[in-house]
Structure formats: C-alpha cells, structure tokens
Amino acid sequence: MSVYTQLTDDQFAAFCQSFGVSFARAIPITQGIKNSNWFIQTTDDAAGAHSYVFTLFEERPPADIEKMAVILNQLDGKLPVAAPLAVIEPDAAKTGSDGDKRYVIHYEDKAITLVPCLAGAHPEQTTQAMCHEIGAALALLHETLQALQPSEKYGVPLYPWSEVRDREIQFMPSDEAKLMSDIWRAYTDLPLATLPKGLCHLDMFADNTLWHLQKGEARLTGLLDFTEVSAEHYVMDIAITINDFCTTWGDAEQGESVNFDRSKMAAFLQGYESKRPLGTDEKRALPVMLAKAAVIFWLLRLNVIHYNRTEGRTGDNIMVKNPDLMKRLSAYHWAHVEKAQSTVFILLNADVNVEQGSHIIGVFSSITQAEQARDDLCPSGNVSIKEYTLDHCL
C-alpha cells in the first residue's frame, strides 16, 4: 500500500531476521491508502521474485494487529489467507518450547508483520462467476470466525464514521449533505437488533483479493488486508463486498464512470447463500445497507484527504482514491431505495385489470412478499403480479 514511513535496508534486514527471513531487498507497494507495505525479496529468491509482504501499520495499534494474527490463523486452511509469521524468540530456541507465539514487532508504537506472498493477481474486471465465488468465500469467512467468541474481543472497534460525517457534511453542497443524511437516517431506522452479527472483513474489495486468471477462467487464490475486521452486521460486510465486486469503475479517460451490475449482485448472493442463507430481515435491509456502505467509503476517502492535508503527507508514494465515485454509488443505491418505498406489488386475478378492485388478492411492499403470497395462496398460478407506483394507484 502507500508508503508513509521510510525504513533503511539495515532496518529491514534486522526486522526480517526476527522472523527468520534473510533479507535482500524491499520493494515499495504503492496501491492502497492506509499502511506502508513492501514486497520482501530474500537471499534465496530468484532475481525479480519476492516471497513475503512486509507491512508497517500506520494507524492501527499493535494490539489490534495481534488480534488480526489470531483471526488469520483461524481461517488458515479453510480460505486462502496469508497468516503472519511468528517472531523467533531466543529463549524458545534454547529451550525447544514455542510458548505463546508472537506475530508482531513494535516499531515507534507501530506494528510490523511479515506474511508469505500468495499466488495470483488482482482482477481488473470481475465476472458473474467471480462474484459467485467471492460470495461463497465471504459466507465461509463469517461461519468460520464464529468460533472466536466473544467476537468483540477479537475484532477492532468500529471506526467512528459519524464523527467524520459531522465534520465533512459542513463543507458539502446541500444536495450531497441531504443524500448522506437521508441514507444515514434510513440505516438507523432499520431493525438493527434483529440482524445477525459477527466478525466481518469490512474491506473485501477486488484489490484485496488474488485470483488465478487463465483462459477466461478465474480461481480465488488470496484474501488480503484483515486490518478492519470488526464485529458488525453480516449484511454490512455483504454490502461492502457487493459494492466493489459488482461495480465497474471507469478510469479517468472514461470519465470515471460508476456502473453497477445487478446480475453480478444476484450471482454474489447465490454464492453467499450456498454457504449461509440470509434471513428475511437481512434481505429487507440489504438495499439500505448498500447505500450506507457506499457512504462509509465516501467518508473514508474524504477522511484520507483530510489526514493527508493536516499531517502534510505528500509525494509520489501517496495514493488518494476519488471520493466522488462512492458518492455516485450512494446516490444510485438510494434511488433504488426511494423507488422501492414508493412502489407496491399487486396480486390479482390474471384476466382482470387493477381498476376492478374486487379482484385484487393483495397489495405488498416488495416483489418477494408478493411472490410468496402467490405461491402460498394461489398454487394454481391463475394470478399475476403487477408493479405500480403509489401515485399511479392513487
């Protein structure tokens, strides 16, 4: 990721030696926006190759990163993750006892880890098949991490996004401020207490995954960046992942377009539910969660700009993602929420018009409810479902 802290080769060599790795070269990784990352080439690697990723965590305290190491070891063997190497303890080497393993080195109150490189590449585009596979992987992650209880003990605290919202909303145009406020209010109105929670990744973007890409096929080979794992509603994690995997982001030359693909979302949900079925409340909450998830990443990018400015972070190694893209995705999802709020689905006899009110079987707020009623009440199938806006009905 973006390099903020500079280290010398002697420092790299000493840190790597603590993990039992013989250092040859550190290669900066410039993607991302939060931590300082380098590929580590060892003395055993061929020219141009590298075996490990060295991360210096700029913001998260070392205690949070130690929790992350436990989480990755819980997932290791079930999902393609890179578990941190253990620090070699001199006393353990003498006694032959491992004791409690330590995975984090402290440097100026910051944490350092060294993890093996995973094979594969970041996808430039996603497909429906990839969305299906990442959906299944996320569900397996949710299921596997249920073994770590209580989840709040292992997850880092959720970031206080409401504070960032209150700071940034003062400087927004009125229409943007209203959009953000409306989405936030709709989120708080959800039946949050009924939504299942547990440890969630919360940053499962395509650039945090690796794939074996060959001959038009893709196979998931790596899940990366577990620094944000927190106890959160599973449907929020689902929404965050859908927002990136199911959106095609145009580059600057294409006007940085934002194109959400609902067929990819359907594939993702099919994959997810093949491992963990969603509850009714989760399905109903998803449209608002999609909008709220986009708002969070809108705020995240604004927050990065704020801290880069206040802390004087500059240079070619600093990467800033455009917050306007997440604003537009927020607006897209919110338009669908508003449309759903003003739409009803009418179940009626197939051979009559809606104006003949005596033939209306029922009125429902969602297509799912209407289809369920059709299947339960009218198994013969001699009914139809018609969609109307409230204005039309009135």
- Just checking, any donor-acceptor pair under 3.5 angstrom between side chains of Asp44 and Thr42? no

- Work out which heavy atom in Glu273 is nearest to a heavy atom in Leu278; give both atom names and the distance. OE1-N, 2.9 Å

- First locate atom CG of Asn259, then atom SG of Cys246, and finally report the distance between them rounded to the nearest 0.5 Å. 13.0 Å

- Message: If you compare all heavy atoms of Leu72 against all heavy atoms of Ala82, which two are closest, and at what distance to 0.1 Å?
- Response: CD1-O, 3.7 Å

- Is a side-chain donor or acceptor of His106 paired with a backbone partner of Asp109 at a separation under 3.5 angstrom? no

- Query: Which of these passes ring-ring contact (aromatic ring centres under 6.0 Å, His included) with Phe12: Phe39, Phe19, Phe54?
  - Reply: Phe54

- Message: Pair Val258, Tyr332 - check side chain to side chain contact (heavy atoms under 4.5 Å, CB included), show working.
- Response: CA-CA 9 Å; Val258 177; Tyr332 168 84; over 6 Å; no

- Interatomic distance, Gln6 atom CD to Ser36 atom OG [nearest 0.5 angstrom]: 7.5 Å

- Message: Would you say that Leu190 contacts Asp281 through its side chain, given a criterion of any heavy-atom pair below 4.5 Å between the two side chains?
- Response: no

- Query: What's the spacing between Thr194 OG1 and Leu192 CG if we round to 0.5 Å?
  - Reply: 7.5 Å

With a 3.5 Å cut-off and sequence neighbours excluded, list the donor-acceptor pairs that the side chains of residues 153-167 form with protein atoms.
residue	atom	partner	partner atom	Å
Tyr159	OH	Asn303	ND2	3.0
Arg167	NH1	Asn303	OD1	3.4
Arg167	NH2	Asn303	OD1	2.8

- Task: For side-chain hydrogen bond (donor to acceptor under 3.5 Å, both in side chains), just list the numbers for Gln11 and Tyr107, CA-CA rounded to whole Å, side-chain angles, deciding distance to a tenth of an Å, and then say yes or no.
- Result: CA-CA 10 Å; Gln11 288 175 308; Tyr107 171 72; 3.3 Å; yes

- Task: Flag the pair Thr227 / Phe57 as yes when at least one side-chain heavy-atom distance between them is below 4.5 Å, and no otherwise.
- Result: yes

- Task: Output, in order, the C-alpha distance, side-chain angles, deciding distance and verdict of salt bridge (Lys or Arg N to Asp or Glu O under 4.0 Å) for Glu168 and Arg301.
- Result: CA-CA 11 Å; Glu168 295 293 338; Arg301 295 176 181 187; over 6 Å; no

- side chain to side chain contact (heavy atoms under 4.5 Å, CB included) against Ser151, all qualifying residues, sequence neighbours excluded: Leu199, Ala231

- Message: Are Leu329 and Phe260 packed together at the side-chain level, in the sense that at least one heavy-atom pair is separated by less than 4.5 angstrom?
- Response: yes

- Contact check, side chains of Lys321 and Val304, non-hydrogen atoms, under 4.5 Å: no

- Hey, is the main chain of Phe245 close enough, under 3.5 Å, to the side chain of Thr126 for a donor-acceptor pair? yes

- Task: Supply the atom-to-atom distance Met326 CE to Trp298 CH2, rounded to the nearest 0.5 angstrom.
- Result: 12.0 Å

- May I ask you to check whether Gln214 and His212 show a side-chain donor-acceptor distance below 3.5 Å? yes

- Please name the pair of heavy atoms, one in Asp45 and one in His50, separated by the smallest distance, quoted to 0.1 Å. OD2-CA, 3.6 Å

- Residues Thr8 and Asp10: side-chain donor-acceptor under 3.5 angstrom: no

- Task: May I ask you to decide if Val235's main-chain N or O and His233's side chain share a donor-acceptor pair within less than 3.5 Å?
- Result: no

- Note: Val295 and Ser330 closest approach over all heavy atoms is N-OG, 3.3 Å

- Query: With a 3.5 Å cut-off and no angle check, do the side chains of Thr209 and Trp211 form a donor-acceptor pair?
  - Reply: yes

- Message: Within the 4.5 Å heavy-atom criterion, are Phe171 and Leu302 side-chain neighbours or not?
- Response: no

- Item | Trace of the side-chain hydrogen bond (donor to acceptor under 3.5 Å, both in side chains) decision for His122 with Glu124 | CA-CA 7 Å; His122 301 300; Glu124 294 183 4; over 6 Å; no

- Item | Sidechain-backbone polar pair: Glu232 side chain, Cys200 backbone, donor-acceptor under 3.5 Å | no

- Message: Let me confirm one number: the CG-OG1 distance from Asn208 to Thr241, rounded to the nearest 0.5 Å.
- Response: 10.0 Å

- Of Ile105, Thr113, Ile112, the residue whose pairing with Ile65 passes side chain to side chain contact (heavy atoms under 4.5 Å, CB included): Thr113

- Note on the structure: Correct closest heavy-atom pair for Pro116 and Ala83 would be CD-O, 3.4 Å

- Mind checking whether Leu286 and Ile238 have side chains closer than 4.5 Å, heavy atoms only? yes

- Nearest 0.5 Å please: distance from the CG atom of Leu290 over to the NE2 atom of His336. 10.0 Å

- Could you list the residues that satisfy side chain to side chain contact (heavy atoms under 4.5 Å, CB included) with Asp244, not counting sequence neighbours? Phe205, Ala206, Trp249

- Query: Under a 4.5 Å cut-off applied to non-hydrogen side-chain atoms, are Leu114 and Val21 in contact?
  - Reply: yes

- Item | Short N-O contact, Arg60 and Glu228, less than 4.0 angstrom | yes

- Message: Could you walk me through whether Ile240 and Met204 satisfy the side chain to side chain contact (heavy atoms under 4.5 Å, CB included) test, starting with their C-alpha distance in whole Å, then the side-chain angles of each, then the deciding distance to 0.1 Å, before giving a yes or no?
- Response: CA-CA 7 Å; Ile240 289 170; Met204 194 70 78; 5.8 Å; no

- How far apart are the closest heavy atoms of Gln74 and Ala147, and which atoms are they? NE2-CB, 3.6 Å

- Message: Using the rule given for side chain to side chain contact (heavy atoms under 4.5 Å, CB included), can you reason through Ile40 versus Phe23, listing the C-alpha separation, both sets of side-chain angles and the distance that settles it, and then say yes or no?
- Response: CA-CA 7 Å; Ile40 296 298; Phe23 170 80; 4.1 Å; yes

- Message: Tell me if a side-chain donor or acceptor on Glu282 pairs with a main-chain N or O of Gly279 at a distance below 3.5 Å.
- Response: yes

- Query: For Asn243 and His333, does a side-chain donor sit closer than 3.5 Å to a side-chain acceptor?
  - Reply: yes

- Task: Without swapping roles, check the side chain of Asn35 against the backbone of Asn37 for a donor-acceptor pair under 3.5 Å.
- Result: no

Side-chain donor-acceptor distances from residues 173-186 under 3.5 Å, at least two apart:
residue	atom	partner	partner atom	Å
Glu176	OE2	Lys327	NZ	3.0
Lys178	NZ	Asp182	OD2	2.6
Ser181	OG	Ala177	O	2.9
Asp182	OD1	Arg185	NH1	3.1

- Message: Through direct or indirect side-chain contacts below 4.5 angstrom among Ile, Leu, Val, Met, Phe, Trp and Tyr, which residues connect to Leu118?
- Response: Leu210, Leu224

- Item | Residues Thr5 and Glu58: side-chain donor-acceptor under 3.5 angstrom | yes

- Item | Minimum side-chain heavy-atom gap Met236-Ile296 below 4.5 Å | yes

Show me the side-chain donor-acceptor pairs of residues 127-146 shorter than 3.5 Å, one per line, residues at least two apart or across chains.
residue	atom	partner	partner atom	Å
Thr127	OG1	Ala129	N	3.4
Thr127	OG1	Met130	N	3.1
Gln128	NE2	Ser263	OG	3.2
Glu133	OE2	Leu220	N	3.1
His142	ND1	Tyr272	OH	2.7
His142	NE2	Asp237	OD2	2.8
Thr144	OG1	Leu140	O	2.8
Gln146	NE2	Tyr234	OH	3.4

